[in-house]
2 protein chains.
Amino acid sequence: MKALETRQTIVAAADKLIYERGFEFTSFADIAQVVGISRGNFYYHFKTKDEILDAVIERRILDRAKMLDDWVEAGQSPKHCIANFIRILLMNNQKIRAYGCPIGTLFSELAKLNHPAVSGARDLYDLFRIWLVRRFAEMGRSEDADALAMHILARSQGAASLANAYPQEPFLEQEVKQMLAWLDAVADGATIET
Amino acid sequence: MKALETRQTIVAAADKLIYERGFEFTSFADIAQVVGISRGNFYYHFKTKDEILDAVIERRILDRAKMLDDWVEAGQSPKHCIANFIRILLMNNQKIRAYGCPIGTLFSELAKLNHPAVSGARDLYDLFRIWLVRRFAEMGRSEDADALAMHILARSQGAASLANAYPQEPFLEQEVKQMLAWLDAVADGATIET
DNA sequence: GACTCGATAGGACATTTGTCCTAAAAGTTG
DNA sequence: CAACTTTTAGGACAAATGTCCTATCGAGTC
């Protein structure tokens, strides 16, 4: 098999495992078993475990960036784009209940480990943050666009955390409804306390 | 030294380390070094590592329960009590920026590890949830007390997550202000979308 | 002072993990 | 087919970790 293919297969498997089990608890042996290659073969594709982490983060960034860009290029209104962002929580409902937010939980773990790749995880946050700021600015809220973006980011993170803690309750759906109502209010010119 | 003293010293050190580094990344050797006892001596006080985790969770529950009860017993109004809860974020500002929320990050990690003690971590959430429900009920919001409690819990979690991701920005203060404003609105009878 | 028992120290042990090395297999090119 | 490169398998190795065992220390008691 081509090296690039194998590499991508490894990254995909590592992405899934790191999401489900966390980075520190995902070993080379685990990934190798899922991919179906020998443990020793890893070091042909990745020199260190951190390299796999970097590749996984890059993969997540590219994946999310594409999703966000698709919404914009589909010609949807800024408000509709932000609503789509909020509804990500519903799209990934089951996984969030089981494993939490793929971005938040990764950042949290890397921050605790003082891991160098924490900056990459922050890039993931920045990707959404900057995208949201642009959408709010397009809605005519240039002055407080960043505050609005951070607010909705935080609420998404919080909703994901509690949905993870109480997976059997319909909490996520309620919170999404409230966030969409908040978005309506913002679109109607509601102010935000600063 | 008395066994109970040593045990409490160990639990206190483990609590701090587990908060700062995470459970899986805190080894017996780390805790032993901080406490100043030999690694082998651990197994006189705790038979397994999981026992230390249980003790740490119990310690956090007792600690938080005492704090919450103190507010109620001081005769503060329900609204004031909830405001105190919101301001926990400011009290622990620096630690939250550095390590995230002690409850949220612990739960997140244990959930990923499928660790049995995850139920204990959920008890920590429940402690705040039930306490908040009582306060909202005392404010005359019996019907939607749980929804209000979950909402403010989620926002606190989200605020802590983002403060951890952007520790150098004054985000936490802004979010606390918004949450207090929300509390004012709720006290004035504002409805919450369900 | 001798004895008892709770508390501690230090090390042994098996397991896991990240890392590295070497040889074989698979694929490509002449 | 032959020479060469790319890719893979399997194991070796050191370090770290959770666990367990045994000898020793120290305070209280007779």
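Treat the numbers as computed from the prediction; the structure is a model and nothing was measured. Residue numbering restarts at 1 for every chain, and letters A, B, ... go by the order of the sequence lines.
- Rounded to a whole Å, the CD atom of A:Glu5 is 17 Å from the P atom of C:dA26.
- Between the CD atom of B:Glu24 and the P atom of C:dG18 there is a distance of 12 Å, rounded to whole Å.
- Taking atom NZ on A:Lys47 and atom C1' on C:dG18, their separation rounds to 16 Å, with Å as the unit.
- Considering only side-chain N and O atoms, A:Tyr43 lies nowhere under 4.0 angstrom from the phosphate OP1 or OP2 of C:dC20.
- At the phosphate of C:dA9, OP1 or OP2 sits under 4.0 Å from a side-chain N or O atom of B:Asn41.
- For the OP1/OP2 pair of C:dG18 and a distance below 4.0 Å, the side-chain nitrogens and oxygens of A:Thr48 include no atom meeting the criterion.
- Between the CD1 atom of A:Ile37 and the C1' atom of C:dA26 there is a distance of 15 Å, given to the nearest Å.
- Ranking D:dT19, D:dA12, C:dT8 by closeness to the A:Arg39 side chain, first place goes to D:dA12.
- For A:Lys49, taking side-chain heavy atoms from C-beta onward, the closest of the listed nucleotides D:dA9, C:dG18, C:dA9 is C:dG18.
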Report task. Evaluate the salt bridge (Lys or Arg N to Asp or Glu O under 4.0 Å) criterion for residues B:Arg129 and A:Glu169: first the C-alpha distance (whole Å), next the side-chain angles of each, then the deciding distance (0.1 Å), finally the verdict. Result -> CA-CA 14 Å; B:Arg129 179 180 181 176; A:Glu169 303 186 24; 2.7 Å; yes
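- Looking at which nucleotide of DNA chain C each of A:Thr26 and B:Tyr44 is closest to, the 5′-most match is held by B:Tyr44.
- In this structure, CG of A:Leu4 is placed 16 Å from C1' of C:dG27, rounded to the nearest angstrom.
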Using a 3.5 Å cut-off and no angle test, enumerate the donor-acceptor pairs between side-chain atoms of residues 64-78 of chain A and protein atoms at least two apart in sequence or in another chain.
from: A:Lys66; atom 1: NZ; to: A:Asp70; atom 2: OD2; distance (Å): 2.8
from: A:Gln76; atom 1: OE1; to: A:Asn84; atom 2: ND2; distance (Å): 2.7
from: A:Ser77; atom 1: OG; to: A:His80; atom 2: N; distance (Å): 3.0

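- If you take CZ of A:Phe42 and P of C:dG18, they are 10 Å apart, rounded to a whole angstrom.
- Put simply, CG on B:Asp123 and CD1 on B:Ile103 are 11.5 Å apart, with the number rounded to the nearest 0.5 Å.
- If you take CD1 of B:Ile31 and P of D:dT17, they are 11 Å apart, rounded to a whole angstrom.
- Side-chain nitrogen and oxygen atoms of A:Ser27 include none within less than 4.0 Å of the OP1 or OP2 phosphate oxygen of C:dT16.
- We find that B:Arg135 and B:Glu138 are joined by a salt bridge, their nearest charged nitrogen and carboxylate oxygen being less than 4.0 Å apart.
- Taking only side-chain atoms of A:His45, from C-beta outward, the nucleotide of C:dG18, D:dT8, C:dA9 with the closest atom is D:dT8.
- In terms of modelled atom types and a separation under 3.5 Å, the side chain of A:Tyr19 and the main chain of A:Gly100 share a donor-acceptor contact.
- When the P atom of D:dA9 is taken as reference, atom CZ of A:Phe28 falls 15 Å away, rounded to whole Å.
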